[in-house]
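Comments concern the structure below.
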Amino acid sequence: MRIIVIGGSFGGLTAAFDLRRLLPRESHEVTLISRDRRFTFIPSLPWVAMGQKTISDISFDLEQPLSSRGIDFLEASVTRIDPSSKCVYTEDGSHKYDYLLIATGHRSANEAVPGLGPFDGPGHSLMSPPESEEARDSWQAFLRDPGPIVVGCAPGASCLGPAYEFAFEAHHALKKRKLCHKAPITFITPEPFLGHFGVGGFGNIRQYMEGELEKRDIRYFTSSAISRIAAGGVETADGKVFESCYSMIIPPLAGVNAIADSPGLGNPKGFIPVDSNYQHRDFENLYAVGVAVAMPPVEETPVPVNFPKTAHMTEQMAKMAARNIVADIMGEEKTSHELMVECLMDMGQEAVHMVADPVRPPRNVSTISKGRRWLWAKRFFAGYYLWKIQRGATRSPKWVW
Ligand SMILES: Cc1cc2nc3c(=O)[nH]c(=O)nc-3n(C[C@H](O)[C@H](O)[C@H](O)COP(=O)(O)OP(=O)(O)OC[C@H]3O[C@@H](n4cnc5c(N)ncnc54)[C@H](O)[C@@H]3O)c2cc1C
């Protein structure tokens, strides 16, 4: 029996390692196909933009960790999937499967707002390694000739945390250089209030975030729809124009082209509809996890804000999907549980640790805690995660993500 996993990041790698551990090697082949041959710890991309880390510091080649654990690795870009004939097509050929697990993440939907960048317009982004490297080079140039900055998220964004993180880190970097007076920061978000994060907020995060931005003299605008990013400024739908020499704007996301180009597989945005077991709603041998999955927003907001699918949540989904594929094969009952979210956000000199369990309200746990110890925890965890996932260890310790 052949199980194919597409995607070599949090979702794909976690699922492939678990599948390999749970299924006998003699009778079950596990193959991982990934467009990128390196795993990158994406949550560290803001540190790349700030020049604190390089991509090679936060990534590793997938070949050895996979092959040494009996997983076939194929570096290839999937162009299309045909679920009725159970076939994955790449640029080099086709691959039949008995079970397929898709963890292809996102495509930045830069077409949503004119000027979203960095390769389609003057805006900067953190959504991928090349984008964070571009953000770093432009940031270095900006520091030599500073001016006003706009940081924010476009309408429909779901990955909102990195915008806050960038605003705090940028402020910290400017403060160290005594440049805050030359580079006022404006934060623009579609969220109805600060700290909504696409999950409806939690605990007293709103008051906390307002206080933290105000303490740093960062102006903020909520329920704001960025409508254009130009070289010298950012415009919002209500006609405001904000001068900006450096615009870090997080885009809305869509599913990757391989899903959009496979009829019947995804929704109109290219995300994959799954049930609570992460099984495709129409194709029983197909599972999907992570950012590639369709999940509705928690509530309707005046300006659209979408539901975030974090790496921590992706890891939980991947473990459930792998277990359910095995249950399917063995004729056992499938199981699933509600997702929770835990996050560590770098705020410059300190960090904040946030937990929402379950992630969709109402919740049993909703906590935030801040302090320098969380910054150390975040730094430690990034290195630890890279170390342990290379060894096929898929379980993260509790209370550290
Ligand atoms: C700047 C930033 C900071 C973040 N910080 C945090 C954080 O602090 N905590 C947290 O929990 N989450 C964080 N996240 C979210 C987290 O990075 C994502 O949830 C996570 O990367 C999702 O993993 P994934 O496996 O679903 O997809 P991805 O990480 O997007 O990986 C997709 C994989 O699929 C492969 N792929 C894509 N298309 C194809 C194709 N056609 N053929 C073959 N392979 C393909 C890619 O090569 C890649 O290996 C952050 C995200 C960003 C952008």
Side-chain angles (χ1 to χ4, degrees), residues 4-16 32-50 58-59 62 73-81 88-92 95 101-108 124-129 131-132 135 153 157-166 169 197-198 248 250-251 253 255-262 270-272 278 288-293 295 307-318 321 339-346 351-354 359 374 377-378 381-382 385 389 396 400-401:
I4 294 185
V5 173
I6 312 176
S9 184
F10 293 93
L13 213 47
T14 302
L32 186 144
I33 305 178
S34 179
R35 187 182 57 195
D36 299 309
R37 73 171 292 119
R38 294 185 77 80
F39 170 91
T40 302
F41 191 76
I42 305 278
S44 295
L45 291 183
W47 290 341
V48 172
M50 282 289 130
I58 60 162
S59 66
L62 289 165
F73 174 55
L74 188 63
E75 182 188 354
S77 193
V78 171
T79 49
R80 189 167 64 84
I81 295 154
V88 170
Y89 294 88
T90 65
E91 287 141 343
D92 311 322
H95 307 270
L101 187 144
I102 302 175
T104 42
H106 76 277
R107 165 181 85 74
S108 290
H124 304 288
S125 176
L126 293 168
M127 297 308 296
S128 66
E131 288 170 317
S132 63
C153 301
S158 52
C159 187
L160 301 127
Y164 286 85
E165 210 163 38
F166 187 85
E169 289 178 19
F197 291 133
M248 170 57 74
I250 302 296
L253 306 183
V256 299
N257 291 340
I259 307 301
D261 294 343
S262 304
F271 291 122
I272 303 168
Y278 298 95
V289 300
V291 177
V293 159
M295 286 191 175
F307 185 73
K309 291 155 261 178
T310 67
H312 181 219
M313 287 156 65
T314 298
E315 191 182 57
Q316 296 165 61
M317 293 184 227
L339 296 172
M340 57 96 67
V341 67
E342 189 181 358
C343 224
L344 281 166
M345 179 188 287
D346 185 344
V352 61
H353 177 249
M354 305 176 273
V359 63
W374 291 120
K378 186 169 172 81
F381 182 67
Y385 190 94
I389 197 74
S396 291
V400 192
W401 251 104

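The model shown is predicted, which means the values in this text are computed figures rather than measured ones. Every number for a ligand or one of its atoms is a count from 1 in the order of the listing.
Contact analysis leaves Glu315 out of contact with ligand 1, as no non-hydrogen atom separation drops below 4.0 angstrom. Residue-ligand proximity: Cys159 is placed with a non-hydrogen atom under 4.0 Å from ligand 1. At a 4.0 Å cut-off, not a single heavy atom of Gly161 sits close enough to ligand 1 to count as contact.
Taking CG of Asn257 as the reference point, atom OG1 of Thr104 lies at 10.5 Å (rounded to 0.5 Å). Rounding to the nearest 0.5 angstrom, the gap separating the OG atom in Ser158 from the CG atom in Leu253 is 4.0 Å. Rounding to the nearest 0.5 Å gives a distance of 11.5 Å between CD of Glu165 and CE of Met248. Taken from SG in Cys343 to CE in Met313, the straight-line distance is 10.0 Å, to the nearest 0.5 Å. Taking OG1 from Thr310 and CD from Gln316, the interatomic distance works out to 7.0 Å, rounded to the nearest 0.5 Å.
For ligand 1, the atoms sitting less than 4.0 Å from at least one non-hydrogen atom of Lys309 are 18 (C), 19 (O), numbered in the order shown with element in parentheses. Each of the following atoms of ligand 1 lies closer than 4.0 Å to a heavy atom of Ala103: 32 (C), 33 (C), 34 (O). For ligand 1, the atoms closer than 4.0 angstrom to any heavy atom of Lys378 are 8 (O). Near Met127, with a cut-off below 4.0 Å to any heavy atom, the atoms of ligand 1 are 53 (C). Each of the following atoms of ligand 1 lies closer than 4.0 Å to a heavy atom of Leu126: 1 (C), 53 (C). Below 4.0 Å from some heavy atom of Gly290 lie the following atoms of ligand 1, by number and element: 26 (O). Near Ser77, the atoms of ligand 1 lying under 4.0 angstrom from a non-hydrogen atom of the residue are 41 (N), 42 (N).
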* Show the numbers, then the answer: is there a side-chain contact (heavy atoms from CB on, under 4.5 Å) between Ser132 and Trp47? => CA-CA 9 Å; Ser132 63; Trp47 290 341; over 6 Å; no

* To do: Quick one: do Phe166 and His124 satisfy side-chain contact (heavy atoms from CB on, under 4.5 Å)? Show the steps, please.
  => CA-CA 11 Å; Phe166 187 85; His124 304 288; over 6 Å; no

* Can Met50 and Asp346 be said to form a side-chain contact (heavy atoms from CB on, under 4.5 Å), step by step? -> CA-CA 12 Å; Met50 282 289 130; Asp346 185 344; over 6 Å; no

* To do: Report the C-alpha separation of Leu13 and Leu62 in whole Å, then their side-chain angles, then the decisive distance to 0.1 Å, and conclude whether the side-chain contact (heavy atoms from CB on, under 4.5 Å) test is met.
  => CA-CA 9 Å; Leu13 213 47; Leu62 289 165; 3.7 Å; yes

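Selection from Val256, Val48, Ile259, Val291 by nearest heavy atom to atom 22 (C) of ligand 1 gives Val291. Ranked by closest heavy atom to atom 11 (O) of ligand 1, the top entry among Ser132, Ala288, Ala311 is Ala311.
Of the possible donor and acceptor atoms, none in the side chain of Thr314 sits under 3.5 Å from a partner among the backbone N and O of Gly11. Looking only at distances, no side-chain donor or acceptor of Lys378 sits under 3.5 Å from a matching main-chain atom of Ala351. A donor-acceptor pair is defined here as one N or O able to donate and one able to accept, closer than 3.5 Å; no such pair exists between the side chain of His106 and the backbone of Val291. Side-chain atoms of Thr40 do not come within 3.5 Å of backbone N or O of Ile42 as any donor-acceptor pair.
The backbone of Ala76, and not its side chain, has at least one atom closer than 4.0 Å to an atom of ligand 1 (non-hydrogen atoms only; backbone = N, CA, C, O). At a 4.0 Å heavy-atom cut-off, ligand 1 does not touch Glu75 at all. With a 4.0 Å cut-off on non-hydrogen atoms, Thr310 touches ligand 1 through its backbone as well as its side chain. Only the side chain of Pro162 comes within contact range of ligand 1, with a heavy atom under 4.0 Å; no backbone atom does. Contacts of Ala258 with ligand 1, taken as heavy-atom pairs under 4.0 Å, involve the side chain alone.
Taking any N or O of Gly11, backbone or side chain, at least one lies under 3.5 Å from an N or O belonging to ligand 1. Remark: ligand 1 and Leu344 share no N or O pair separated by less than 3.5 Å (distance only, no angle test). Checked against a 3.5 angstrom limit, the closest N/O atoms of Gly8 and ligand 1 fall inside it. Geometrically, ligand 1 and Ile6 share no nitrogen or oxygen pair separated by less than 3.5 Å. Residue Arg35 places at least one N or O, backbone or side chain, under 3.5 Å from an N or O of ligand 1. The shortest N/O to N/O separation between Glu342 and ligand 1 does not fall below 3.5 Å.
Classification of the Phe41-Tyr385 ring pair by plane angle, with boundaries at 30° and 60°, yields tilted.
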